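Remarks on the structure that follows.
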Amino acid sequence: MIELSDWQQMQAELRTTARRLDAGEVLPEADYHLGYATTAQLLADLTPARLALLDALKGLGPVAMDDLATRLGRPLGRVRADVAKLLDLDLIAQDAGGTVRVPWDEVQIRLASVGAQAA
């Protein structure tokens, strides 16, 4: 899940989770969440080109970067830069041989307004 997050709410949720863990509760495996304070920050990281790459990679399955660049019709250098950013965000994975893949069953993006951003 990629979404806009209210920092204070996130801190409260983390404190609750920490208390539950401290009490010895076994928590279920959590989904990956990537939170942004503003829509502008989210869209700066998840550009149309990166979203297209993510979508193509999900459909292709594991693939070498040069093959991915060919499929996308984009220069390899730009694909490498976008792959590096998506790896940094943990939205894709890369094996020792350089093959990249989407490790998630689905990727959801939620752009609901947060706190003071609501008009």
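The structure displayed is predicted, hence computed values, not measured ones.
Residues Leu54 and Arg50 fail the side-chain proximity criterion, which asks for heavy atoms closer than 4.5 Å. With a 4.5 Å cut-off on side-chain heavy atoms, Leu51 and Ile109 count as touching. Contact annotation: the side chain of Leu46 approaches that of Leu91 to within less than 4.5 Å [non-hydrogen atoms, C-beta and beyond]. With contacts defined as side-chain heavy-atom distances shorter than 4.5 Å, the pair Val83/Leu57 does not qualify. Using a 4.5 Å heavy-atom cutoff, the side chains of Asp45 and Gln41 are not in contact. Residues Arg71 and Val63 have side chains not in contact (no heavy-atom distance under 4.5 Å, counting atoms from C-beta outward). Side-chain contact between Arg74 and Asp82: present, with at least one pair of heavy atoms (C-beta onward) separated by less than 4.5 Å.
Across all non-hydrogen atoms, the minimal contact from Pro103 to Ala93 is CD-N, 3.9 Å. Between Met65 and Val79, the shortest heavy-atom contact is O-CG1, 4.2 Å. Closest approach of Leu87 and Gln94 over heavy atoms only: CD1-OE1, 3.4 Å.
Around atom CG of Asp95, more than 12 heavy atoms belonging to other residues, nucleotides or ligands sit under 6.0 Å away.
A distance of 12.5 Å separates CD1 of Ile92 from NZ of Lys58, quoted to the nearest 0.5 Å. The CG atom of Leu72 sits 11.0 Å away from the CG atom of Asp67 when rounded to the nearest 0.5 Å. Atoms CZ and CG, from Arg101 and Leu68 in turn, are 14.5 Å apart once rounded to the nearest 0.5 Å.
Sequence neighbours left out, not one pair with a member in residues 66-97 passes ring-ring contact (aromatic ring centres under 6.0 Å, His included).
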side-chain contact (heavy atoms from CB on, under 4.5 Å) between Asp90 and Leu34, worked out
CA-CA 9 Å; Asp90 288 327; Leu34 180 60; over 6 Å; no
